[in-house]
Structures are given as C-alpha cells and as structure tokens.
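Just so it is clear, the values below take in all heavy atoms, side chains as well, and ignore hydrogens, waters and symmetry mates. These numbers come from a predicted model, not from an experiment.
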Amino acid sequence: MRVEIIIDKEQKINQAILVAFEKELYRNLCQHFPETEVRIRQGSISHIELSGIRLDDDKQRVMNTIQQVWEDDYWLN
C-alpha cells in the first residue's frame with residue numbers, strides 16, 4: 001500500500017513536523033499494513049492519495065489512522 005499526502009505549502013508547516021508526522025504515520029500503519037510506504041510533501045494544494053488498497057473498510061481504517069495521528073500531538077515531542 002502507498003500513502004501520499006500533499007500539504008498546501010501556504011499552511012507553512014515546518015519540515016521537521018512533516019518528517020515527524022510521516023514517521024509516526026508509518027509506524028501506526030505498518031501495524032496493520034506491513035508493506036506500507038508513506039510519503040508526505042508540500043505542494044500547491046492539500047491532497048491524500050491511497051493506492052494498493054482494495055477494500056473500502058481498509059481505506060476507511062487508513063483515513064481514520066491519518067486523522068488520529070494528525071490530531072494527536074504526542075509525536076511532536
């Protein structure tokens with residue numbers, strides 16, 4: 001499975017935060033999807049692209065995980 005998250009560069013999020021988010025998201029997703037690749041970068045618009053997932057339940061689980069990790073701030077420390 002591949003997860004690509006593009007965050008609008010106008011949000012001016014520090015690169016260190018993006019790296020920490022990517023690592024934490026990878027750590028969380030690999031528990032359920034061992035062959036996961038995560039890429040987070042800045043671009044002109046915010047967008048999430050999931051590939052290699054066939055079941056809608058799996059897609060929902062991934063989206064929920066992304067949201068949960070982003071909203072929790074424990075990984076920022």
Side-chain angles (χ1 to χ4, degrees):
M1 171 183 67
R2 184 171 181 211
V3 178
E4 184 167 7
I5 300 174
I6 301 170
I7 298 178
D8 185 356
K9 61 186 169 193
E10 296 299 319
Q11 292 185 19
K12 299 184 193 246
I13 298 174
N14 185 309
Q15 187 64 31
I17 292 173
L18 296 178
V19 170
F21 178 51
E22 183 176 319
K23 286 180 183 179
E24 187 61 23
L25 188 58
Y26 177 78
R27 188 182 72 76
N28 278 267
L29 288 174
C30 279
Q31 294 174 8
H32 302 286
F33 306 98
E35 296 182 19
T36 299
E37 293 180 35
V38 177
R39 181 176 179 205
I40 299 176
R41 62 186 176 92
Q42 293 181 325
S44 58
I45 61 169
S46 294
H47 176 73
I48 296 175
E49 183 176 319
L50 305 176
S51 58
I53 302 175
R54 296 177 190 199
L55 300 176
D56 288 337
D57 288 344
D58 288 343
K59 288 179 184 178
Q60 189 60 45
R61 177 186 277 177
V62 170
M63 293 302 290
N64 288 341
T65 301
I66 292 169
Q67 181 176 355
Q68 180 181 10
V69 170
W70 182 251
E71 290 176 354
D72 289 343
D73 62 353
Y74 64 89
W75 50 270
L76 288 172
N77 298 329

Between I53 and I48, is there shared hydrophobic-cluster membership here, with clusters defined by ILVMFWY side-chain heavy atoms closer than 4.5 Å? yes
Is W70 reachable from L76 through a run of I, L, V, M, F, W or Y residues, each pair having side-chain heavy atoms under 4.5 Å apart? yes
Nearest 0.5 Å, what's the [atom1]-[atom2] distance between [X] and [Y]?
{"X": "R27", "Y": "T65", "atom1": "CZ", "atom2": "OG1", "result": "11.5 Å"}
{"X": "I66", "Y": "E24", "atom1": "CD1", "atom2": "CD", "result": "13.0 Å"}
{"X": "I5", "Y": "R41", "atom1": "CD1", "atom2": "CZ", "result": "11.5 Å"}
{"X": "I13", "Y": "I7", "atom1": "CD1", "atom2": "CD1", "result": "4.5 Å"}
{"X": "D56", "Y": "M63", "atom1": "CG", "atom2": "CE", "result": "12.5 Å"}
{"X": "R61", "Y": "L55", "atom1": "CZ", "atom2": "CG", "result": "10.0 Å"}

Keeping the roles fixed (side chain from D8, backbone from E10), state whether a donor-acceptor pair exists under 3.5 Å. yes
Between E49 and R2, is there a side-chain N and carboxylate O pair less than 4.0 Å apart? no
For the CD atom on Q31, are there more than 12 heavy atoms of other groups (residues, nucleotides or ligands in this structure) within a distance under 6.0 Å? yes
Show your working on side-chain contact (heavy atoms from CB on, under 4.5 Å) between I6 and I45 and close with a plain yes or no. CA-CA 7 Å; I6 301 170; I45 61 169; 5.7 Å; no
With side-chain contact (heavy atoms from CB on, under 4.5 Å) as the test, would you mind laying out the steps for W75 and I17 before giving the verdict? CA-CA 9 Å; W75 50 270; I17 292 173; 4.0 Å; yes
Apply the test side-chain contact (heavy atoms from CB on, under 4.5 Å) to residues Q15 and L18: give CA-CA distance (whole Å), side-chain angles for both, the deciding distance (0.1 Å), then the verdict. CA-CA 5 Å; Q15 187 64 31; L18 296 178; 3.9 Å; yes
R39 vs E37, salt bridge (Lys or Arg N to Asp or Glu O under 4.0 Å): CA-CA, chis, key distance, verdict: CA-CA 7 Å; R39 181 176 179 205; E37 293 180 35; over 6 Å; no
Which heavy atom in F21 sits nearest to a heavy atom in I40, and how many Å separate them? CD2-CD1, 3.1 Å
Provide the closest heavy-atom pair for V38 versus Y26 in the form atom of the first, atom of the second, distance. CG2-CA, 3.9 Å
